[in-house]
Amino acid sequence: MPRKGYRGVDYDIDYDDWEDYEDDYFEENGSTGFSTKVLGSTKEKVVIKKASSKPAIWSCSICTFDNDESMIVCEICGVVRVTLGDLSNGMKVADGSTFSKAPSSISTEKENFVKPSTKKLKNPSISLPKDGQPSADERDYPSIKEEKPQDITSGFNKVSMSSEAGCSNNGVNYKKVNLNSQYKPETWMVPDREGTPTQLNLAVVGHVDSGKSTLSGRLLNLLGKISKKEMHKYEKESKIMGKSSFAYAWAMDESAEERERGVTMNVAVAYFDSKKYHVVLLDSPGHKDFVPNMISGATQADAAILVIDASIGAFEAGIDPNGGQTREHAQLIRSFGVDQVIVAINKMDVVGYSKDRFDSIVLQLGTFLRSCGFKDTLLSWVPLSAMENQNLVKAVSDVRLSSWYQGSYLLDAVDSLRPPIRDISTPLLLPVCDVIKSHSLGPVAVSGKLESGALRCGSKVLVMPSGDIAIVRSLERGSQPCTVARAGDNVAVGLQGIDVSNVVAGGVLCHPSFPVAVSTHLELKILTLDLTMPILIGSQVEFHIHHAKEAGRVVKILSVFDQKTGKVSKKAPRCLTAKQSALIEVVLHGPVCVKAFSDCRGLGRAFLRASGKTIAVGIVSQILE
Ligand code: GTP
Ligand code: MG
């Protein structure tokens with residue numbers, strides 16, 4: 001999909017003074033286990049992590065809820081932080097750290113809210129098993145070994161690059177794996193300009209037909225990102241096709257098939273500026289068939305707009321446990337680490353802007369969102385109508401709504417979101433969302449969000465899994481050329497010195513001395529969702545991690561944890577049912593670029609799907625190969 005609507009300024013070169021905002025989110029104390037430091041800019045903030053000896057909270061690795069230090073299981077999802085039995089195993093814990101001998105010595109990692117820009121994001125291909133035979137990997141599974149406690153960079157020690165993964169040397173010895181602690185950010189990486197607007201990657205998610213694309217298109221239109229001429233064209237063409245109600249959605253749904261079906265299939269990306277943010281809008285597909293595409297796009301999100309259709313029956317279908325995408329999307333974005341959500345209750349015109357309907361949706365959905373681990377304080381509820389332009393970029397004008405609602409309008413709610421934290425203290429990791437063709441970027445270009453580190457024109461990058469070295473030829477952020485991109489930025493990168501066949505969606509650009517692992521055998525800590533079929537040893541799953549997906553098989557169920565005590569309640573159970581927290585091993589049919597969650601959250605969050613439904617969310621606790 002071509003980048004739409006926005007041709008903003010390059011804020012590396014030319015930026016305005018942005019209104020200062022309060023930022024109590026960045027703390028300067030030991031309570032989170034890390035001290036934070038504002039470098040250079042009041043807008044783009046960089047966190048330099050330092051382990052603290054006594055964290056007061058720990059963040060659950062599954063739902064990222066901040067639990068009190070005294071809790072040994074996550075208050076929200078029941079995932080285990082530490083168990084006495086596990087201590088001897090040297091297992092990693094739910095807060096992303098590793099066991100040492102006593103819970104008090106567990107280090108806590110503060111959540112790094114850094115997440116993604118582009119076009120229609122293509123769906124990375126899935127490779128399926130060629131035969132039903134187990135591979136050598138599947139026949140010989142290592143069990144959890146007795147090992148010394150590891151520090152946060154231990155994942156690098158475990159992983160050696162295999163030549164079978166198709167890595168070439170190209171003058172760089174990336175088999176020599178370095179520890180993150182050996183990495184020192186260079187001075188150019190530190191943001192140095194005050195007033196640069198923070199990029200905010202905002203996913204628009206929700207049940208099919210709730211009005212996500214219409215809302216996105218309307219917003220861009222109101223903010224002047226779609227010209228009158230373009231809008232007129234959409235109106236005219238959609239009318240000819242008998243789909244005039246989709247005119248605004250056509251700004252996002254560009255392909256002939258999407259327009260004909262009236263359904264978004266790939267994530268559309270557009271840009272606009274609010275008072276505080278340079279917003280990258282990721283309009284996700286709501287149809288259940290395209291959840292994998294939604295995962296690939298929305299996994300980059302810093303925050304989300306969850307669009308709800310207020311119409312009678314439509315809201316109810318969205319939260320139905322059997323196939324409601326409001327439900328599935330909410331669970332997914334929570335497991336992506338998104339904790340700030342604007343719930344846009346759309347189509348209020350259809351229910352006559354009824355307060356009762358709004359209240360009833362807030363009540364029912366609020367209960368569900370809390371059960372997913374969202375905190376009330378980080379949710380905002382905005383009644384609106386995308387079609388009738390009520391409550392989007394200015395206060396309500398329809399008296400049926402203004403008589404009972406005086407809260408924020410949508411754009412205001414966007415500006416009220418906390419800014420994401422930028423982490424440049426660890427080496428470059430840029431999961432490739434899409435391999436793109438672009439006149440301005442050259443014949444080989446990729447798009448994606450920097451999970452960590454920084455890039456600039458002329459930087460050498462290691463392209464995984466091919467192992468080739470490439471040079472950054474050009475960079476674009478929000479469709480505008482720029483010279484530097486930092487963690488959290490969603491960029492398009494033109495590469496030179498590499499053949500396009502060696503760059504794939506689902507791959508990762510990394511620092512040449514700090515390669516990402518490439519593996520087919522992983523240990524995962526998972527939380528099962530609403531399962532209709534139990535997960536068994538041998539169950540075939542679709543494994544998703546950042547922008548990669550791969551067919552795989554559950555080869556071991558190591559243990560199930562008791563949700564209340566957090567202790568292993570059963571070792572080696574035969575199957576897993578709904579809402580269980582467990583440690584499993586999966587073997588994939590093809591290698592994926594991966595990091596242990598403790599090393600990089602964005603590259604260590606995994607999702608298992610089967611029969612068109614997400615069956616479990618989890619984290620990579622160990623890379624076993
Ligand atoms: P998918 O991407 O396929 O999940 O759909 P979507 O959520 O993007 O919905 P889309 O924007 O395509 O809109 C679906 C239908 O809802 C269209 O017919 C829109 O005109 C209609 N619609 C969207 N917003 C509103 C609204 O505020 N009021 C009314 N009455 N209809 C709306
Ligand atoms: Mg849509």
Side-chain angles (χ1 to χ4, degrees), residues 32-33 54-109 111 143-150 331 334-335 337 339 367-368 370-375 523-531 534-537 554 556-586 596-598 604-606 608 615-622:
T32 59
K54 218 169 177 210
I57 57 165
W58 60 277
S59 177
C60 173
S61 56
I62 299 281
C63 73
T64 62
F65 183 78
D66 286 337
N67 291 279
D68 189 83
E69 169 67 3
S70 60
M71 300 293 293
I72 55 166
V73 291
C74 174
E75 215 180 316
I76 296 297
C77 67
V79 168
V80 187
R81 178 193 189 192
V82 60
T83 67
L84 293 174
D86 294 332
L87 286 170
S88 59
N89 287 335
M91 279 166 51
K92 299 209 169 182
V93 295
D95 59 2
S97 57
T98 325
F99 288 116
S100 62
K101 283 292 168 197
S104 62
S105 63
I106 292 167
S107 67
T108 303
E109 188 179 2
E111 176 83 76
S143 55
I144 299 175
K145 298 177 201 92
E146 290 274 319
E147 56 188 52
K148 284 189 196 144
Q150 304 153 325
Q331 285 166 331
R334 191 66 194 97
S335 60
D339 65 351
T367 307
F368 171 70
R370 274 189 294 279
S371 79
C372 295
F374 291 101
K375 291 179 190 163
E523 182 194 86
L524 309 176
K525 188 168 273 182
I526 60 164
L527 179 70
T528 59
L529 303 179
D530 308 303
L531 301 181
I535 299 175
L536 307 165
I537 295 165
V554 176
K556 269 194 177 181
I557 304 176
L558 298 160
S559 48
V560 173
F561 302 109
D562 184 295
Q563 306 263 351
K564 288 199 180 99
T565 64
K567 292 186 178 169
V568 172
S569 59
K570 194 164 187 185
K571 283 198 168 162
R574 289 183 56 204
C575 68
L576 295 176
T577 52
K579 307 258 191 276
Q580 283 191 306
S581 174
L583 200 64
I584 66 166
E585 283 180 27
V586 290
F597 181 79
S598 54
R605 284 197 171 94
L608 302 181
I615 56 170
V617 296
I619 59 159
V620 177
S621 45
Q622 276 198 74

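Index from 1, following the sequence.
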Calculate, to the nearest 0.5 Å, the distance between atoms [atom1] and [atom2] belonging to [X] and [Y] respectively.
X: Gln622; Y: Glu585; atom1: CD; atom2: CD; answer: 8.5 Å
X: Ile619; Y: Lys525; atom1: CD1; atom2: NZ; answer: 6.0 Å
X: Lys579; Y: Thr577; atom1: NZ; atom2: OG1; answer: 10.5 Å
X: Leu583; Y: Ser621; atom1: CG; atom2: OG; answer: 5.0 Å
X: Ser559; Y: Gln580; atom1: OG; atom2: CD; answer: 11.0 Å

Looking at every heavy atom in both [X] and [Y], which two are closest together, and how far apart are they?
X: Ser569; Y: Phe561; answer: OG-C, 3.8 Å
X: Leu529; Y: Gln331; answer: CD1-OE1, 3.8 Å
X: Leu531; Y: Leu576; answer: CD1-O, 3.6 Å
X: Glu523; Y: Leu558; answer: OE2-CD1, 3.8 Å
X: Thr565; Y: Asp562; answer: N-OD1, 3.0 Å
X: Val620; Y: Ala606; answer: CG2-CB, 4.5 Å

query = Heavy-atom distance under 4.5 Å between the side chains of Val586 and Leu524, does that happen here?
reply = yes

query = So, Ser335 side chain and Val617 main chain: donor-acceptor pair closer than 3.5 Å or not?
reply = no

request  = Determine yes or no for a side-chain-to-main-chain donor-acceptor pair under 3.5 angstrom, with Thr528 supplying the side chain and Ala616 the backbone.
outcome  = no

request  = May I ask you to establish whether Arg334 and Phe374 are in a cation-pi arrangement, using a distance under 6.0 Å from NZ or CZ to the six-membered ring centre and at most 45° from the ring axis?
outcome  = yes

inquiry  = Run the side-chain contact (heavy atoms from CB on, under 4.5 Å) test against Ile537 and tell me which residues pass, sequence neighbours left out.
reply    = Ile557

message = One pair to check against side-chain contact (heavy atoms from CB on, under 4.5 Å): Ile615 and Asp530. What are the steps and the verdict?
response = CA-CA 7 Å; Ile615 56 170; Asp530 308 303; over 6 Å; no

query = Lys570: what forms a salt bridge (Lys or Arg N to Asp or Glu O under 4.0 Å) with it, not counting sequence neighbours?
reply = none

